[in-house]
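Read the structure below first, then the notes.
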Amino acid sequence: MGLACGFGMPAVLRLALLPLVMLLSTAVASAAPATYALFRLDPLGVDPQAAEQLEALLRAELGHVVGQTLPSKAIVDKVALGNPRLQNCTASPECLAPLGRALHVTRIVAGNVGGLADSYIVNLKLVDDGGRELSRVSATLRGSLEELIAEIRVAAVRLVAPEQLVGRIEVVSAIPGAQVTLDGNPVGVTPLLGTLDRIPAGTHKVTVSRDGYSSFEEDVPVRFEKTTQVVVRQTAMSKAALRAERRRLHPEPPVYARWYTWTAVAVGAVGVGLLVGFLVPKQQAVDCSKAGSCP
């Protein structure tokens, strides 16, 4: 009887601890960093070679954004072709999820690329290994290779890490002591040192105000990884502000550079010269012929 109880206790404990173990396993899995793979970009009416080049750029930029080396195209194709269920996989979550599990990643990106005049239209979606669509992005790409890379990078950030889609604002103002607000929130007083960092990409309203001056307001576009400079122009309205502006634009010279300072110095020098001349004893002329002491 004692042995039965002794052997039965661990089983009971295991049953009691099972929910806790499952909860901890879920927490550990959710805390683990996500891993990524790119399936492919299906060409829709565009040159397949161009689609492959865009796919290669996207794979590189996705890796740059998430800080990982994504599985190569050769590895992805090998896994997809090795499973009959995945050979005809498109961008549907039903087949992307098992493909992600086969690649041992938790996130997989797929999409297509089409052409419009001199532009490319890229549609992307992000799916997890459970078959859930997490996000999707549509982007228009055009221009030189450098511009294509920049636009693909923006699309990649928007898809997998939208919180990183930020830029900077630099506020330049000649009026000191003016209150600066961004989207209605105070951010400092002019002159602002440095830039306003980590501003979400998009359009933001910058206002600058100070008593006695006209108010300034501007809608400022913020671009990913770029600094937008805002040059503030305000007009003095009150008498006090006008006087301050005159002093700022036409500052008085320092004391040592003013005319009356140099006049006082000159007058002082003349006075000192006259005083010295008066105090120094005058030498009398000597007639050597009478004195007989001249050499």
Side-chain angles (χ1 to χ4, degrees), residues 61-62 64-67 119 122 124 135-265:
E61 291 307 318
L62 280 170
H64 176 77
V65 172
V66 301
S119 305
V122 174
L124 303 172
S135 62
R136 62 170 60 198
V137 164
S138 181
T140 301
L141 314 177
R142 63 169 61 89
S144 64
L145 177 61
E146 290 75 12
E147 292 170 318
L148 288 176
I149 292 174
E151 292 300 325
I152 288 178
R153 180 178 301 148
V154 171
V157 173
R158 287 174 56 199
L159 185 70
V160 302
E163 72 280 359
Q164 297 183 23
L165 200 66
V166 296
R168 298 172 294 274
I169 295 178
E170 180 184 12
V171 178
V172 179
S173 173
I175 308 300
Q179 180 68 53
V180 182
T181 64
L182 178 67
D183 297 328
N185 301 310
V187 293
V189 176
T190 58
L192 289 180
L193 301 179
T195 60
L196 304 177
D197 297 328
R198 298 198 62 79
I199 308 301
T203 302
H204 298 268
K205 189 176 295 295
V206 173
T207 60
V208 183
S209 59
R210 179 183 170 182
D211 290 341
Y213 291 83
S214 61
S215 60
F216 173 89
E217 183 176 297
E218 186 172 306
D219 291 329
V220 179
V222 176
R223 295 176 295 168
F224 175 55
E225 295 184 339
K226 303 294 183 181
T227 299
T228 302
Q229 187 181 79
V230 180
V231 179
V232 178
R233 294 180 175 85
Q234 293 178 276
T235 304
M237 306 295 287
S238 67
K239 292 182 179 179
L242 287 170
R243 288 194 297 270
E245 279 300 285
R246 281 196 294 269
R247 287 195 298 269
R248 184 179 68 84
L249 296 175
H250 306 287
E252 293 186 359
V255 173
Y256 62 82
R258 298 176 186 176
W259 66 270
Y260 51 78
T261 301
W262 287 105
T263 301
V265 170

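This structure is a prediction, so every number in the text was calculated from the model and none was measured. All values below were derived from every heavy atom in this structure, side-chain atoms included, with hydrogens, water molecules and symmetry-related copies excluded.
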Looking at every non-hydrogen atom in both residues, tell me the closest pair between [X] and [Y] and how far apart they are.
{"X": "Thr190", "Y": "Ser173", "answer": "CG2-CB, 3.7 Å"}
{"X": "Thr228", "Y": "Pro221", "answer": "OG1-O, 2.8 Å"}
{"X": "Val65", "Y": "Ala156", "answer": "CG2-CB, 4.2 Å"}
{"X": "Arg142", "Y": "Leu148", "answer": "N-CD2, 3.7 Å"}
{"X": "His204", "Y": "Asp183", "answer": "ND1-OD2, 2.6 Å"}

> Just by modelled atom types, is the Val220 backbone N or O under 3.5 Å from a matching donor or acceptor in the Thr203 side chain?
Replying inline: no
> Checking Gln229 side chain against Val172 main chain: does a donor-acceptor pair fall under 3.5 Å?
Replying inline: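 Side chain of Gln229 to backbone of Val172: no pair is present.
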Within this structure, what is the [atom1]-[atom2] distance for the pair [X] and [Y], rounded to the nearest 0.5 Å?
{"X": "Gln164", "Y": "Phe224", "atom1": "CD", "atom2": "CZ", "answer": "7.0 Å"}
{"X": "Met237", "Y": "Ser215", "atom1": "CE", "atom2": "OG", "answer": "9.0 Å"}
{"X": "Leu196", "Y": "Thr227", "atom1": "CG", "atom2": "OG1", "answer": "10.0 Å"}
{"X": "Ile149", "Y": "His64", "atom1": "CD1", "atom2": "NE2", "answer": "11.5 Å"}
{"X": "Gln234", "Y": "Ser209", "atom1": "CD", "atom2": "OG", "answer": "7.5 Å"}

>> Here's a test for you: under side-chain contact (heavy atoms from CB on, under 4.5 Å), which of Leu193, Asp197, Ile199 qualifies with Thr195?
In response: Asp197
In the structure I gave you, are the side-chain heavy atoms of [X] and [Y] within less than 4.5 Å of one another anywhere?
{"X": "Val187", "Y": "Thr181", "value": "no"}
{"X": "Ile169", "Y": "Val171", "value": "yes"}
{"X": "Val66", "Y": "Val160", "value": "yes"}

>> Tell me every residue that passes side-chain contact (heavy atoms from CB on, under 4.5 Å) with Glu217, counting only those two or more places apart in sequence or in another chain.
In response: Lys205, Thr207
> What pairs with Arg210 under side-chain contact (heavy atoms from CB on, under 4.5 Å), at least two apart in sequence or on another chain?
Replying inline: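 Counting only residues at least two positions away or on another chain, Arg210 forms a side-chain contact (heavy atoms from CB on, under 4.5 Å) with Ile175, Pro176, Ala178, Tyr213.
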>> Let's go through Ile152 and Val154 carefully: what are the C-alpha distance in whole Å and the side-chain angles of both, what is the deciding distance for side chain to side chain contact (heavy atoms under 4.5 Å, CB included) to 0.1 Å, and is it a yes or a no?
In response: CA-CA 5 Å; Ile152 288 178; Val154 171; over 6 Å; no
>> For the CZ atom on Arg168, are there more than 12 heavy atoms of other groups (residues, nucleotides or ligands in this structure) within a distance under 6.0 Å?
In response: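 Atom CZ in Arg168 is packed in, count exceeds 12.
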> Is the count of non-hydrogen atoms from other residues, nucleotides or ligands lying under 6.0 Å from Asp211 atom CG greater than 12?
Replying inline: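 Count not over threshold, so no.
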> Yes or no on side chain to side chain contact (heavy atoms under 4.5 Å, CB included) for Glu218 and Val230, after CA distance, side-chain angles and deciding distance?
Replying inline: CA-CA 8 Å; Glu218 186 172 306; Val230 180; 4.3 Å; yes
